[in-house]
There are 2 protein chains.
Amino acid sequence: MENLTEMLKGVLEGCVLEIIDRKETYGYEIVRRLNSLGFADVVEGTVYTILLRLEKNKLVDIQKKPSEIGPPRKFYTLNNAGRKQLQTFWRKWDFIASKINELKMKGES
Amino acid sequence: MENLTEMLKGVLEGCVLEIIDRKETYGYEIVRRLNSLGFADVVEGTVYTILLRLEKNKLVDIQKKPSEIGPPRKFYTLNNAGRKQLQTFWRKWDFIASKINELKMKGES
DNA sequence: TCCATCTACTTAGTATTATTATGTAGAAGT
DNA sequence: ACTTCTACATAATAATACTAAGTAGATGGA
């Protein structure tokens with residue numbers, strides 16, 4: 001799907017939070033997960049800026065670990081603030097998605 | 001619902017397109033429709049910037065008509081380009097919404 | 001040894017968008 | 001005159017995804 005970037009604003013960060021919440025992981029792997037999820041055009045630079053923002057906003061804990069096949073990885077886990085933020089994200093998403101779908105359906109009646 | 005603004009980016013314009021597509025209408029009324037739809041915090045300034053953008057991008061036809069209870073209104077209708085844009089919007093929305101929900105559901109299993 | 005490739009992270013700058021703040025102005029009632 | 005409701009315009013701001021360019025470790029082949 002082409003040019004989703006504006007529509008991803010506000011939701012991509014939430015997706016990253018969700019991915020981290022599932023399992024401790026690192027940037028490069030998160031990119032792969034997003035890609036295989038269907039967001040094929042999401043690229044490293046985008047995810048790393050989000051991760052740095054999460055770090056700056058103190059939503060994640062970070063542990064650096066060596067890799068056997070490349071440079072060391074920064075592993076992320078959600079802290080309490082991060083989990084709270086994730087809940088807020090889903091609450092907002094459910095609200096907006098329901099309203100938008102409501103608008104969409106009314107047109108098909 | 002508080003502070004949805006970042007999540008509205010990329011979708012609010014689509015909502016405005018959909019509202020116009022239903023029925024020829026004008027800015028002030030569109031604000032009311034969005035409010036009653038549930039987007040309570042969307043305010044005039046926001047919608048007018050969107051409408052000016054739609055006009056600049058030649059997605060709408062405009063007709064100015066006098067009002068009996070105030071200053072003249074600018075009535076908007078979608079032209080062919082506008083309808084095409086609306087279709088694209090829904091295509092993108094369906095794609096993103098399905099992917100996000102997929103991500104969400106996988107976590108609940 | 002040198003080079004390419006894959007892995008992995010960083011950062012400065014850009015574009016787009018919703019929002020805020022402020023202003024203008026018509027009509028109607030008091 | 002003053003207020004209120006209707007109606008539109010616009011400059012400035014904030015947040016975010018994205019682009020581009022770079023650094024660097026490890027591996028394997030030429």
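So that the names make sense, note that chain A is the first sequence line, chain B the second, and so on, each numbered from 1.
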Handout entry: Residue-level proximity of residues 3-17 of chain A to DNA chain C when a heavy atom falls under 4.0 Å
Key = A:Glu6, A:Lys9
Fill in the blank from the handout: Span of DNA chain D engaged by chain B, first through last nucleotide within the 4.0 Å heavy-atom cut-off, is D:dT6 to D:dT16
Handout entry: salt bridge (charged side-chain N to carboxylate O under 4.0 Å, His left out) contacts in which one or both residues fall within residues 57-68 of chain B, not counting sequence neighbours
Key = B:Glu24-B:Lys65
Handout entry: Residue pairs passing the side chain to side chain donor-acceptor pair (under 3.5 Å) test where at least one lies in residues 85-97 of chain A, sequence neighbours excluded
Key = A:Glu18-A:Trp90, A:Arg91-B:Glu2, A:Trp93-B:Asn101, A:Asp94-B:Lys104
Fill in the blank from the handout: Contacts satisfying salt bridge (charged side-chain N to carboxylate O under 4.0 Å, His left out) that involve residues 70-86 of chain A (not counting sequence neighbours) are A:Glu55-A:Lys74
Practice task
State the OH-CD1 distance between A:Tyr76 and A:Ile20, to the nearest 0.5 angstrom.
Solution key: 7.5 Å
Run the side-chain donor-acceptor check on residues 42-52 of chain A: report pairs under 3.5 Å with partners two or more places apart or on a different chain.
| from | atom 1 | to | atom 2 | distance (Å) |
| --- | --- | --- | --- | --- |
| A:Tyr48 | OH | A:Tyr28 | N | 3.4 |
| A:Thr49 | OG1 | A:Gly45 | O | 3.3 |
| A:Thr49 | OG1 | A:Thr46 | O | 2.7 |

Completion exercise
So the salt bridge (charged side-chain N to carboxylate O under 4.0 Å, His left out) pairs with at least one residue in residues 33-43 of chain B (sequence neighbours excluded) are B:Glu29-B:Arg33
Practice task
Report the residues that fulfil ring-ring contact (aromatic ring centres under 6.0 Å, His included) with B:Phe89, sequence neighbours left out, ordered by chain and then residue number.
Solution key: none
Exercise for the section: Check whether any side-chain heavy atom of A:Val60 sits under 4.5 Å from a side-chain heavy atom of A:Thr77, and report yes or no. Expected result: no
Problem - Contacts of type side-chain contact (heavy atoms from CB on, under 4.5 Å), residue A:Ala40, not counting sequence neighbours - result: none
Exercise for the section: Specify the residues of residues 50-76 of chain B, ordered by number, for which at least one heavy atom lies under 4.0 angstrom from an atom of DNA chain C. Expected result: B:Ile50, B:Arg53, B:Glu68, B:Gly70, B:Pro71
Exercise for the section: Tell me what A:Gly45 touches on the nucleic acid: a base, only sugar-phosphate, or nothing, going by heavy atoms under 4.0 Å. Expected result: base
Problem - Covered region of DNA chain C, 5' end to 3' end, by chain B [heavy atoms, under 4.0 Å] - result: C:dT17 to C:dA28
Completion exercise
So CG of B:Leu59 and CG of B:Leu54: to nearest 0.5 Å the spacing works out to 5.5 Å
Handout entry: Pairs where residues 4-17 of chain A contributes a residue and the test salt bridge (charged side-chain N to carboxylate O under 4.0 Å, His left out) is met, not counting sequence neighbours
Key = A:Glu6-A:Lys9, A:Glu13-A:Arg53
Practice task
Would you mind reporting whether B:Leu4 and A:Phe95 have side-chain heavy atoms less than 4.5 Å apart?
Solution key: yes
